[in-house]
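In this text, all values refer to a predicted model and were calculated from it rather than measured experimentally.
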Amino acid sequence: MAAVKKDNRLTSSQNSLCTGFAGIFSKTLTSPLEVVKIKSQVGTFHCKKGFMQSFLLIYQNEGLRAFWKGNLVSCLRLFPYTAVHVSTYRQIVHIHMDEVGFISQWRALFAGGLAGVAAALATYPLEVAETRLIVQNCRERTYVSIVHTISKTYRNEGLLALYRGFSLTVLGAFPFSVGCYAVYMHLDKLWQEPQFRFTPLQNIINGCVAAAVAQTLSYPFDTVKRKMQAQSSRLPHFGGVDVHFNGMVNCFVQIVKNNGVLSLWNGLTANTLKIVPYFGLLFTGFEMCKQVFLYRNGYIISPLSTKLAPGVDQSLGPYELEEMKRYLKKRNFASEESSLRKFW
């Protein structure tokens, strides 16, 4: 969803670092909204009086640092998740390509879904740790770190506890993908021009709209998943979950029975409000990091300016430009040496 455009003037490692920095930057600054969203989904007492009151209650009961609980594990999860997602997606796409390298939209969508499931499977224990760190009261902590959360959960509840609710990730991927596909299929009608002509601002708006629609459709699955991740008979107040259940289907039933159907979308306000700043900060963070590398590679005159370095071919890749500079340097040196010989 939150994809940034690759710049060929950067190396692969620089592009990866820019993407990683952008993800950490955007996640960290939107963490308060994520905390309120997850607490609302789980059903802790902080979020019983509405969206705005949730912020006040969290601050009064846990202090300012509570708004960044679980942020470290969320940021760390970005790197293995992205690595597994990208490598799996490439492998699946390669299998489904025809002899001329073409792949249909449906197959590409299928490949993206499978890659997402594989990445989620590889990093799911970190997501469970994030949920439990956010839900607990940081002034009366059960868990003190990421490693402690995972090891204690495994020791007390077994390996399956670290994958509790994972099936909902798979089930939620279907409405999420349908929502994305439905939005992107109609973008050209919305803007009344072909997609290859979209500006960066249009792409950001497109991403926000697609994310809002897709996440709204798949949100009930995410709510049930968060409750399943948080609930444990070994934690105070059963992990803070507002309903008690024994399994995925029973969780759906108990939520609807006790709180009503709309409670499946608890926290949607915080989640929707997070989308625009998240995408904006993601692209801003990527551009900030990219400026530093473009200056280092010699394409611009300063990391604080977008002005291009004079006489530099912007179509050259970073290694090609480096090779060109070495060639010109040797040629100038040889020319100077020849002039000195003639002089003497």
Side-chain angles (χ1 to χ4, degrees), residues 33-48 54 69-71 73-74 77 80-81 113 116-137 141-143 146-177 214-268 270-271:
L33 287 165
E34 181 70 8
V35 168
V36 170
K37 170 210 157 188
I38 291 177
K39 281 183 173 288
S40 298
Q41 287 180 307
V42 172
T44 62
F45 75 94
H46 305 88
C47 304
K48 296 294 184 183
S54 300
K69 289 188 299 181
N71 183 60
V73 65
S74 180
R77 182 172 169 261
Y81 184 93
V117 170
L121 180 64
T123 60
Y124 198 77
L126 291 172
E127 188 178 338
V128 172
E130 178 194 3
T131 300
R132 294 201 173 190
L133 286 167
I134 287 174
V135 171
Q136 73 171 355
N137 189 322
R141 294 190 296 176
T142 303
Y143 307 110
I146 302 167
V147 175
H148 181 251
T149 305
I150 294 174
S151 62
K152 189 172 182 178
T153 302
Y154 173 73
R155 196 167 56 248
N156 293 340
E157 303 171 52
L159 180 63
L160 289 179
L162 294 172
Y163 287 90
R164 192 177 294 146
F166 177 74
S167 57
L168 288 154
T169 299
V170 181
L171 293 173
F174 178 72
F176 185 89
S177 298
Q215 290 179 19
T216 300
L217 291 175
S218 63
Y219 201 81
F221 296 96
D222 192 55
T223 296
V224 175
K225 180 180 73 174
R226 294 292 183 181
K227 288 183 188 293
M228 292 183 72
Q229 289 175 341
Q231 180 181 265
S232 172
S233 59
R234 294 178 177 269
L235 294 175
H237 312 292
F238 278 79
V241 183
D242 57 351
V243 294
H244 299 299
F245 50 87
N246 50 18
M248 180 182 70
V249 176
N250 187 244
C251 185
F252 272 104
V253 172
Q254 293 301 324
I255 292 170
V256 174
K257 182 180 177 181
N258 290 281
N259 302 327
V261 175
L262 291 180
S263 64
L264 289 167
W265 281 269
N266 281 349
L268 184 63
N271 186 67

Heavy atoms, side chains only, cut-off 4.5 Å: are T169 and L121 in contact?
no
Contact between T44 and V135 at the side-chain level, heavy atoms closer than 4.5 Å - yes or no?
yes
Applying the salt bridge (Lys or Arg N to Asp or Glu O under 4.0 Å) criterion to E127, which one of R77, R164, R132 satisfies it?
R77
Measure across H148 and S151 and return the closest heavy-atom pair with its distance rounded to 0.1 Å.
O-OG, 3.2 Å
Spatial distance of atom CZ (F221) from atom OG (S167) [nearest 0.5 Å]
10.0 Å
Report yes if the side chains of K227 and F245 come closer than 4.5 Å at any heavy-atom pair, otherwise no.
yes
Any luck finding a side-chain donor-acceptor pair between S74 and E34 under 3.5 Å?
no
Fit a plane to each ring of F166 and Y124, take the angle between them on a 0 to 90° scale, and name the class: parallel (under 30°), tilted (30 to 60°) or perpendicular (over 60°).
perpendicular
Assess the residue pair V243 and Q231 against the criterion (side-chain contact (heavy atoms from CB on, under 4.5 Å)); give the C-alpha distance rounded to whole Å, side-chain angles, the decisive distance to 0.1 Å, and a yes or no.
CA-CA 9 Å; V243 294; Q231 180 181 265; over 6 Å; no
Step by step, work out the side-chain contact (heavy atoms from CB on, under 4.5 Å) result for L235 and Y143.
CA-CA 10 Å; L235 294 175; Y143 307 110; 3.1 Å; yes
Got L126 and I150 here, is their nearest side-chain heavy-atom distance under 4.5 Å?
yes
If you look at every heavy atom in C47 and V36, which pair is closest and at what distance?
SG-O, 3.9 Å
For H244, does the NE2 atom sit with more than 12 other heavy atoms under 6.0 Å from it, leaving out its own atoms?
yes
Out of the candidates Q229, R226, K69, only one should pair with E130 under the side-chain contact (heavy atoms from CB on, under 4.5 Å) rule; please name it.
R226
For I255 against S263, the heavy-atom pair lying closest together
CG2-OG, 3.1 Å
Distance in Å, S232 OG paired with F238 CZ, rounded so as to fall on 0.5 Å steps
8.5 Å
